[in-house]
Number of protein chains: 2
Amino acid sequence: MTEPRTDTYDEWLRARVPERGLRPKAAAVLDVLVSQPRRASYGSAAELAQLAGVNVATVTRTAQALGFAGWPALQQELRARYLSSLSAGQVAAEHAGAGSPSSRSLRRDLDSLAVLNRRLDEAVLLTIAEAVAAARRTVVVADGSYAAVGLALAHNARLAGYPVAAVTAGDSELANVVAALGPEDVLIAISFWRLYESTVLAAHEARSRGTRVFALTDAASPALAAAAEEVVMVPAEGEAFFPSLTAGIAVAQALVTQLAAVDPARTGASIEAAEAMWAKFGLLHRRPAPPS
Amino acid sequence: MTEPRTDTYDEWLRARVPERGLRPKAAAVLDVLVSQPRRASYGSAAELAQLAGVNVATVTRTAQALGFAGWPALQQELRARYLSSLSAGQVAAEHAGAGSPSSRSLRRDLDSLAVLNRRLDEAVLLTIAEAVAAARRTVVVADGSYAAVGLALAHNARLAGYPVAAVTAGDSELANVVAALGPEDVLIAISFWRLYESTVLAAHEARSRGTRVFALTDAASPALAAAAEEVVMVPAEGEAFFPSLTAGIAVAQALVTQLAAVDPARTGASIEAAEAMWAKFGLLHRRPAPPS
DNA sequence: CGAATCATGCAAAGACCATTGCGAATGGGC
DNA sequence: GCCCATTCGCAATGGTCTTTGCATGATTCG
């Protein structure tokens, strides 16, 4: 990007990379350092190692490969750079005027999230997380553009070790899935803006089968509220015509985070298994040693 | 509240002081915490003790007097507060302390978005939006949990009247799609945390075919940067193990908003057409009347 | 195809850090 | 003026974190 402040942290870090390039695992560590500066500057080497999927020793060695005495020395530098990148931006934020549609959109999302942060009752999320954790399986129904939220929720919840599936493939699949629901299951209906008929139907049907039903929506629709045990209200007003997914995703993220905290051992094991699988399938791109 | 950031940090800290007041040495410690937040959030208890001219034990006891289990617990809170005070800017961190995992996740997303809002160069989004608007078609490549971002982007962009498709169905489909790309097309690669091999490959292949390539990522990997005309950097640090999608979604949202502004007439017509179609298919749940 | 080099995980060692029990000193109350 | 309560420093203890030696598995070059 054109702004020098953005680059300070990353560029400085990457400039430390020796000519020879970095070993694969060291590159993985570097990626974590760049992408998670907060954690990098506060966390321990062990924490970073877990995040990078490497051994603790590799973190220390990476720090040494970057020209530092060890991890603490590197971390001290990271702190300084990270903090200055934060406070430097502070100044620039002021004179960011009304600006382009994109920046207006961002600002609105920021506001929405602030509102959400203030209003949201965390007890509700806790209830839902515990329900999902206890459920035989969980079905997420999400239609339209909010299918993305449903997918994200299901994906990460599975990563956390819970059988959560998103249904976005249309009414026939939805019907089949709902038909198999029972009292041991949980259904999460995600619907914004205007409610989709099929989502509402599914929620009611599931409720009548004894399934625990939760809803995530932007408008307190009586139709959905009647079917749901709890309704999470999320601001979804977008700058343009489309509703904003940002707040919805944030809630999904919060829910999964809460879910991961219900049974840390289970989640840890699940993530570990997933990592092993990724490695086996060679899915991840570890940076090549000499940057071509 | 003219200076919300200073207030947030010290006011919160001072509010923790018990009724009974503080012992002289404890007050000295508190003064150091307030006046040197940076050192307080990073340093050890011993360092703080020296600064306050007290013994190490007093630091620990002060932390306990403030209602925390010990120094590490207090420090963790200080970090969150201090960083927020640096990054939050217009958004005052309203919510109370550590709280549940879910509320921590929300607060972190809020911070990320604030950072994003400040750092993001809107010119880049404008460039991408115009490229998409001018393209014959646009392909969004997104893997893993970030498939959700890709889907949201593609969905809303289509709604805005542009031929944007997300590829999330695996490598074979990706290969087919990339094979059909040409200089009139645009490819947007979305990849976070660790890059997926296939995403990087697709970006390089597309680039060599003359397709305009853009990237949305949390770590400026040389592998992706080399293939991309512009790289949009997004904070994706999550509270738990998973990366947060929130900032990514916000960028997607901003991009679509910008796209919708390129040719308002086209977008308007497209949305109208979509509405008519929904009505014809009876997809929407218009208002109450609980079924059954 | 074999050997050497290198990277990386494992585990032990060493250092550092936070906490708490104990004792000394100080200040207030009787 | 004496005694008791409170505060704070000292030092020991238990735990955590970083580093490094060693072994193993992978990769490359001959």
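Worth saying up front: this structure is predicted, and the values here are computed from it rather than measured. Residue numbers start from 1 in every chain, and the chains themselves are labelled A, B, ... in the order their sequence lines are given, proteins ahead of strands.
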Check your understanding: Do any of residues 46-64 of chain B sit with a heavy atom less than 4.0 Å from DNA chain D, and if so which?
Key ->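 Only B/Val54, B/Asn55, B/Ala57, B/Thr58, B/Arg61 qualify.
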Practice item. Determine yes or no for a side-chain-to-main-chain donor-acceptor pair under 3.5 angstrom, with A/Gln258 supplying the side chain and A/Gln253 the backbone. Key: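 Judged by distance alone, no pair lies under 3.5 Å.
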Where do [X] and [Y] come nearest, in terms of heavy atoms and distance?
{"X": "A/Ala152", "Y": "B/Leu245", "result": "CB-CD1, 3.2 Å"}
{"X": "B/Gly150", "Y": "B/Val140", "result": "CA-CG1, 3.7 Å"}
{"X": "B/Ala250", "Y": "B/Leu113", "result": "CB-CD1, 3.5 Å"}
{"X": "B/Thr211", "Y": "B/Gly182", "result": "OG1-O, 2.8 Å"}

Return a table of donor-acceptor pairs under 3.5 angstrom between the side chains of residues 59-69 of chain A and protein atoms on other chains or two or more places apart.
residue : atom : partner : partner atom : Å
A/Thr62 : OG1  : A/Thr58 : O            : 2.6
A/Gln64 : NE2  : A/Ala69 : O            : 3.4

Point to revise | Close side-chain approach of B/Tyr42 to A/Leu83, heavy-atom, < 4.5 Å | key: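 Yes; the side chains approach each other to less than 4.5 Å.
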Check your understanding: Where does the chain A footprint on DNA chain C start and end, counting 5' to 3' with a 4.0 Å heavy-atom cut-off?
Key ->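 Using the under 4.0 Å cut-off, the span is C/dA7 to C/dC10.
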